[in-house]
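What's counted below: heavy atoms across the whole structure, side chains too, no hydrogens, waters or symmetry copies. Everything quoted here is computed from the prediction, not taken from an experiment. By convention here, the first residue in the shown sequence is residue 1.
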Amino acid sequence: MRSQFKCTVNGNALELQAYPMERLLDVLREQLRLTGTKEGCGEGECGACTVMIDGQIVNSCLVPVAQVEGCDIKTIEGIAVSESQLHAVQQAFIDCGGAQCGICTPGMVIAAVNLLEKTPNPTEPEIRNGLAGNLCRCTGYMKIFESVVRACQR
């Protein structure tokens with residue numbers, strides 16, 4: 001039986017109708033059409049579906065929608081400063097080539113934004129640790145790390 005859940009997504013207060021055990025990832029993508037959040041492994045291993053819930057990064061493929069009642073959710077669609085201005089992390093990913101095939105990019109950006117909110121000038125080990133739950137299967141992590149460092153300089 002579907003239930004009603006109240007939460008805030010990217011600053012908008014919403015009432016969702018969903019099955020309590022429905023994955024947050026599916027509700028975001030299918031019901032709210034926020035398709036920037038990607039499904040990678042569907043098992044919480046790759047981080048492609050990373051979102052922030054109440055300021056903490058989570059794999060949305062592992063979160064039943066019942067757990068987000070009253071929560072503040074931020075997806076990649078809610079990261080930009082405005083419609084005409086990207087977040088410094090998003091711009092740095094573009095400038096440094098950190099956005100590769102695009103599957104991991106939204107999760108990487110969310111993780112990087114979360115890291116920089118908590119640690120504005122992270123060390124390289126802190127950057128590696130902050131992105132540790134996000135896997136890239138393209139060409140490697142150097143451009144992604146460079147993107148985070150560039151974002152720190154803005």
Side-chain angles (χ1 to χ4, degrees), residues 1-94 96-119 122 127-141 143-145 147-148 151:
M1 177 179 206
R2 296 182 87 153
S3 300
Q4 188 170 3
F5 302 96
K6 294 180 181 178
C7 61
T8 302
V9 179
N10 298 331
N12 299 311
L14 300 174
E15 292 185 13
L16 305 172
Q17 294 285 330
Y19 296 102
M21 294 304 291
E22 196 169 345
R23 300 181 316 168
L24 176 60
L25 171 65
D26 297 327
V27 171
L28 291 171
R29 288 184 57 84
E30 296 168 14
Q31 190 175 135
L32 301 179
R33 300 289 179 212
L34 297 171
T35 57
T37 303
K38 307 297 186 206
E39 179 165 11
C41 66
E43 298 175 349
E45 297 292 328
C46 73
C49 65
T50 301
V51 299
M52 280 193 263
I53 299 178
D54 292 336
Q56 301 296 316
I57 55 172
V58 300
N59 293 318
S60 62
C61 70
L62 299 179
V63 178
V65 74
Q67 288 186 358
V68 301
E69 171 69 29
C71 292
D72 181 40
I73 301 165
K74 187 174 281 189
T75 70
I76 190 69
E77 289 88 349
I79 294 298
V81 175
S82 68
E83 287 187 28
S84 61
Q85 183 181 358
L86 296 175
H87 187 281
V89 171
Q90 292 172 306
Q91 189 61 54
F93 268 67
I94 292 169
C96 296
Q100 298 167 59
C101 82
I103 295 296
C104 74
T105 303
M108 289 283 188
V109 169
I110 293 280
V113 167
N114 185 267
L115 170 66
L116 297 183
E117 285 177 357
K118 295 177 178 174
T119 309
I127 294 172
R128 291 182 184 277
N129 189 47
L131 301 179
N134 297 79
L135 302 178
C136 173
R137 294 179 175 91
C138 291
T139 60
Y141 296 91
K143 292 182 184 232
I144 294 169
F145 294 141
S147 301
V148 177

Query raised in the report: Hey, does Asp72 have a side-chain heavy atom less than 4.5 Å from the side chain of Ile53?
Result: no
Query raised in the report: For Leu14 and Phe5, what are the C-alpha separation, side-chain angles and deciding distance, and is it a side chain to side chain contact (heavy atoms under 4.5 Å, CB included)?
Result: CA-CA 8 Å; Leu14 300 174; Phe5 302 96; over 6 Å; no
Query raised in the report: Checking Ser60 side chain against Cys49 main chain: does a donor-acceptor pair fall under 3.5 Å?
Result: yes
Report summary line: Heavy-atom closest pair (Thr35 atom, Arg29 atom, distance to 0.1 Å) is O-NH1, 2.8 Å
Query - Nearest-0.5 Å distance, SG of residue Cys71 to CG of residue Asp54 - result: 4.5 Å
Query - Flag side-chain contact, heavy atom, 4.5 Å: Ile79 against Val89 - result: no
Query - Minimum side-chain heavy-atom gap Cys104-Arg137 below 4.5 Å - result: no
Report task. Kindly compute the distance separating OG1 (Thr37) from CG (Asp26), expressed to the nearest 0.5 Å. Result -> 11.0 Å
Query raised in the report: Which atom names give the shortest non-hydrogen contact between Asn10 and Glu77, and what distance separates them?
Result: ND2-CB, 3.9 Å
**Report entry** Shortest non-hydrogen contact from Ala111 toward Leu131
**Finding:** CB-CD2, 3.8 Å
Requested in this report: Find the distance between CD (Glu30) and CZ (Arg23) and round it off to the nearest 0.5 Å.
Outcome: 8.5 Å
Report task. Find the distance between CD (Glu39) and CG (Asn59) and round it off to the nearest 0.5 Å. Result -> 11.0 Å
Report task. Could you tell me whether the side chain of Glu15 reaches within less than 4.5 Å of the side chain of Cys7, counting heavy atoms only? Result -> no
Report summary line: side chain to side chain contact (heavy atoms under 4.5 Å, CB included) with Ile73: of Val27, Leu24, Thr8, Val58, only one passes, and it is Leu24
Report summary line: In this structure, SG of Cys46 is separated from CD1 of Ile103 (nearest 0.5 Å) by 9.0 Å
Query raised in the report: Which distance, rounded to the nearest 0.5 Å, do you find between the OG1 of Thr105 and the CD of Gln90?
Result: 11.0 Å
Requested in this report: Check Tyr19 against Val65 and note the closest heavy-atom contact, atom names and distance.
Outcome: O-CG1, 3.2 Å
Query raised in the report: Do Val113 and His87 have side chains that get closer than 4.5 Å, going by heavy atoms?
Result: yes
Query raised in the report: How close do Asn134 and Gly47 get, heavy atom to heavy atom, and via which atoms?
Result: ND2-O, 3.0 Å
Report summary line: Heavy-atom nearest pair, Gln100 first then Cys138, reads OE1-CB, 3.5 Å
Report task. Might you confirm whether atom NZ of Lys6 has over 12 heavy atoms from other residues, nucleotides or ligands at distances under 6.0 Å? Result -> no
Requested in this report: Return yes if some donor-acceptor pair links the side-chain N/O of Gln4 with the main-chain N/O of Gln17 below 3.5 Å, else return no.
Outcome: no
**Report entry** 4.5 Å side-chain heavy-atom contact, Pro106 and Thr50
**Finding:** no
